Structures are given as structure tokens and as C-alpha cells.
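The first residue of the sequence shown is numbered 1, and numbering continues consecutively from there. Computed from a predicted model, the values in this text were never measured in an experiment.
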Amino acid sequence: MGRKRVSNPRISFSISVDSHLLNKLNMRLGYNSSRSRWIADAIKTKLEASDQGKDALDKATMAEVLGELEYRATHPAFRDHFSKSFRAKVGELRLHFQNLPESGE
């Protein structure tokens with residue numbers, strides 16, 4: 001009788017990292033800790049965070065997106081990254097779309 005087959009087998013692959021990064025990781029892990037498991041969990045966390053960001057943008061209304069654009073276009077911390085014409089166009093779009101119903105409402 002052979003070993004039980006797993007539905008999602010682990011696959012080995014190689015990555016390259018700076019030696020100081022590997023040393024930092026090794027110092028953080030305990031003697032019985034799995035480096036592979038730690039890296040797999042880090043990848044999973046990063047992917048889930050990315051998916052949450054996409055979900056938030058998918059669920060945002062046009063008014064929310066334009067409000068955020070207008071905030072960034074006019075806020076002093078971001079203002080220099082946007083041209084005057086872009087800031088004006090964002091303001092126009094926000095006024096134009098603020099009274100339109102959202103699709104799906």
C-alpha cells in the first residue's frame with residue numbers, strides 16, 4: 001500500500017535573496033521553524049493584501065474614486081504630481097458625476 005496522495009502537493013522552487021536578508025530571516029526563525037513555511041505564508045499574506053486592494057477598488061463608487069482623485073490632486077503632499085489641467089478635469093468630472101446614479105443601485 002502506497003502513501004496517501006495529497007490534493008495540493010508542495011512544489012520546490014529556488015529563489016535568490018541577498019545574504020543579509022537571509023541572515024535576518026534565519027535569526028528570526030526558531031530552531032524548529034520552517035523557512036519554507038515562513039516564506040509561503042509571507043507570499044500568501046502579500047497576495048491576500050493585493051486582492052483586498054482590488055476588491056476595494058471594485059466596490060468603490062464613481063463618487064468615491066473621483067473624490068479620492070480630487071483629494072490627491074489638490075492636497076499639498078500630492079499636488080506637485082498633477083498638472084493644473086488635470087486638477088481642473090478631475091473637478092469637472094466630480095461635478096458631472098455627483099448627481100448620476102451608480103450602476104447596480
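- Under a hydrophobic clustering in which Ile, Leu, Val, Met, Phe, Trp and Tyr are joined whenever their side-chain heavy atoms come within less than 4.5 Å, directly or via other members, L22 and F13 fall into the same cluster.
- Taking the side chain as every heavy atom from C-beta outward, F82 and V90 never approach each other to under 4.5 Å.
- Here the side chains of L69 and Y71 are not in contact, with every heavy-atom distance at 4.5 Å or above.
- From I15, atom CD1 reaches atom CD1 of I39 across 4.5 Å, with rounding to the nearest 0.5 Å.
- Residue pairs satisfying the salt bridge (charged side-chain N to carboxylate O under 4.0 Å, His left out) criterion with at least one member in residues 23-40, sequence neighbours excluded, are absent.
- Summarising the geometry, atom NZ belonging to K89 is positioned 9.0 Å from atom OG belonging to S85; distances are rounded to the nearest 0.5 Å.
- Side-chain contact annotation: S36 with S34, donor-acceptor N/O pair under 3.5 Å absent.
- Rounding to the nearest 0.5 Å places CH2 of W38 at 10.0 Å from CD1 of I43.
- Ring centroid separation for the pair H81 and F78 does not come in under the 6.0 Å cut-off.
- The existence of a salt bridge linking R72 and E68 is confirmed by a sub-4.0 Å separation between a basic side-chain nitrogen and an acidic carboxylate oxygen.
- From S16, atom OG reaches atom CG of L21 across 11.5 Å, with rounding to the nearest 0.5 Å.
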